[in-house]
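For ligands, and for the atoms within them, numbers begin at 1 and follow the listed sequence.
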Amino acid sequence: MSELIAAIATPPGPGGVGILRLSGPGAAQAAAHIFQPLGKTPLSEAPDRQLLYGRVFDQAGELLDTGLAFVSRAPHSYTGEETAEIQCHGSPVVLSLALDALCAAGARLARPGEFTQRAFLNGKLDLTQAEAVIDLIDAETPAAARQAAEQLNGALSRQIDGIYSALTDLMAHFCAVLDYPDEDIDPFQAEQMGQILARQEAALQALLATSRRGTLLHQGITCVLIGRPNAGKSSLLNALAGYERAIVTNIPGTTRDTVETKVTLGGYLFRLVDTAGLRDSDDPIEQLGVARSRQALAEADLVLAVCDGTQPLREEDHDLLRQALAQADTILLANKRDLPDFALPQPADNDAPNTLTVVSLSAKTGDGLDTLEATLAQRAETLLPQAAQSAAGELLTNQRQTQAAQRALDGVTRAKDALDLGMTPDALLTDVEAALEALGELTGRTVREDITARIFSRFCVGK
Ligand code: GDP
């Protein structure tokens, strides 16, 4: 039997409204202990989810606040248990005293994510939906929030369930065949099984193909700034971020490490990485920075190659451009447009000038940043094709999901290959079983307790 838990569900600090939450047996009674409705019906006898107006009292029975409260009985609640919520004014003192009073009435403090963990354990949500709750809370762009909302609504679960159910049917077939070991599996049946496996393989491949988009949507498009020292990379990063994140000086080689910041531009989330520069150096610290910069470049989804528009492109710039273009889609930024001797740079033939977009701007005055923002948003659209609309909710959004889906795919592929090679159904059973187990892990059907504990520990208290 689970214990009664209580938490403040609203963020710390003063606010318009503060919410206390309770879940578990006796939730309504404990809430009624500190909340007295103005009407005749006590909170513990109120109909499910009917808001009552009343007074909130502390442990000693002294008036704390006035507010609203409701109860919801099992299984018709978020957690699937009896729950109660009290909404008062968002005063940290009031909330904390009210929470003390709830604990005195028999509740204990909830652990991070414990409400959602209970919803999962009671079958109200599967694991991908529970993860969507965190993604929704943490979403940094409207597109990421929409994706999480659809996933919470079951879009991904439905897809996985379809594959799970097809594979379970197949297992039933295999087991039926196993009951008659002397009989050979007839070719027609083998062909049908092969088709089912091929369809699930394709479905899993399609699902795995979404993982990059899912990651880009939630973690941001990695945009790496490269360029000769003093081109204005740090100034640009600061201008885009709107605050001073990197140290800007006019001594070449100041940015010795990579500096990162997340910004939303044109509705997309970008992870901007300023690099130390990629030039060879004898200074060991600078060498370390250069190694990190190369690593950053290797992980780039997009490269912003910054050059000083008051100086002609040098061999070093062409070399950087070639390195960038070899790694990812690159935009050449001609900086310092505000200065009188500014001129648009001329990319060399082997810099792939036809495919290179050139944007001129001034990191100092902000002139041209709007064009850069529009260009970045356009690139983001190519990287995240219609993610916000067509496939909302059906993306794999984290490593745990991707790894489980990959294991499921491996199992299905092994089973399909074995069938093609004429192996008997019993030989295939283990592979299909492995795929089913991986899918079970994905939705939480068969997941290990330590894994779920890790997932829920990422939540905040009160969720
Ligand atoms: P980084 O080495 O590429 O990161 O270059 P910084 O951002 O540190 O800038 C080097 C110098 O150029 C600093 O003195 C900046 O103030 C200056 N600078 C950067 N962008 C501009 C710009 O758009 N116009 C002008 N006039 N100066 C700039």
Side-chain angles (χ1 to χ4, degrees), residues 222-263 265 270-300 302-325 327-328 330-347 351 356-376:
T222 301
C223 209
V224 176
L225 281 82
I226 61 160
R228 250 196 289 148
N230 261 351
K233 298 179 294 299
S234 307
S235 308
L236 184 64
L237 181 108
N238 290 339
L240 287 172
Y243 65 99
E244 299 266 311
R245 174 76 174 79
I247 313 154
V248 181
T249 64
N250 53 8
I251 310 155
T254 315
T255 311
R256 288 186 155 165
D257 209 339
T258 55
V259 177
E260 278 190 40
T261 194
K262 275 188 175 176
V263 289
L265 298 166
F270 290 89
R271 197 179 133 234
L272 300 178
V273 184
D274 184 11
T275 60
L278 295 158
R279 62 178 193 160
D280 295 324
S281 163
D282 295 332
D283 175 4
I285 298 174
E286 207 167 324
Q287 276 173 3
L288 203 69
V290 171
R292 295 229 176 123
S293 302
R294 284 195 205 285
Q295 174 71 23
L297 195 60
E299 289 167 8
L302 258 179
V303 182
L304 298 182
V306 188
C307 69
D308 182 338
T310 64
Q311 296 175 16
L313 290 181
R314 289 196 219 145
E315 192 41 47
E316 205 181 330
D317 299 304
H318 293 297
D319 188 43
L320 274 177
L321 265 179
R322 278 190 292 273
Q323 284 187 51
L325 283 158
Q327 288 291 339
T330 302
I331 301 169
L332 177 61
L333 301 182
N335 190 30
K336 311 197 184 180
R337 188 164 100 174
D338 55 297
L339 294 176
D341 43 356
F342 173 88
L344 260 187
Q346 295 303 317
D351 293 339
L356 195 66
T357 307
V358 184
V359 175
S360 71
L361 48 80
S362 165
K364 192 171 182 174
T365 64
D367 188 26
L369 283 182
D370 49 350
T371 315
L372 174 60
E373 180 171 4
T375 311
L376 286 174

Checklist entry - For atom 24 (N) of ligand 1, which candidate among Asp338, Leu339, Asn238 holds the nearest heavy atom? => result Asp338
Checklist entry - Can you name the closest pair of heavy atoms from Thr275 and Leu225 and give their distance? => result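 The answer is OG1-O, 2.7 Å.
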Checklist entry - Can you list the atoms of ligand 1 that are under 4.0 Å from a heavy atom of Gly232? => result 1 (P), 3 (O), 5 (O), 6 (P), 7 (O), 9 (O), 19 (C)
Item to check | Close-contact set for ligand 1 against Lys233 heavy atoms, below 4.0 Å | outcome: 1 (P), 2 (O), 3 (O), 4 (O), 5 (O), 7 (O)
For ligand 1, is there an N or O atom under 3.5 Å from any N or O atom of [X]?
X: Ser235; value: yes
X: Leu236; value: no
X: Lys364; value: yes

Next on the checklist: Quick test of your reading of the model: are Lys364 and Asp338 salt-bridged, counting only N-O distances below 4.0 Å?
Outcome noted: no
Next on the checklist: Between Glu315 and Arg228 (salt bridge meaning N to carboxylate O under 4.0 Å), is one present in this structure?
Outcome noted: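 No, this pair does not count.
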Next on the checklist: Checking contacts here: is it the side chain or the backbone of Pro229 that comes within 4.0 Å of ligand 1, counting heavy atoms only? Could be both or neither.
Outcome noted: backbone
Item to check | Flag, side chain of Asp367 to backbone of Ser362, donor-acceptor distance under 3.5 Å | outcome: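 No; zero donor-acceptor contacts below 3.5 Å.
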Checklist entry - Checking side-chain contact (heavy atoms from CB on, under 4.5 Å) for the pair Leu361/Thr371: CA distance, chi angles, key distance, verdict? => result CA-CA 8 Å; Leu361 48 80; Thr371 315; over 6 Å; no
Item to check | Glu299/Gln295 under side chain to side chain donor-acceptor pair (under 3.5 Å): CA gap, chis, key distance, verdict | outcome: CA-CA 7 Å; Glu299 289 167 8; Gln295 174 71 23; 2.8 Å; yes
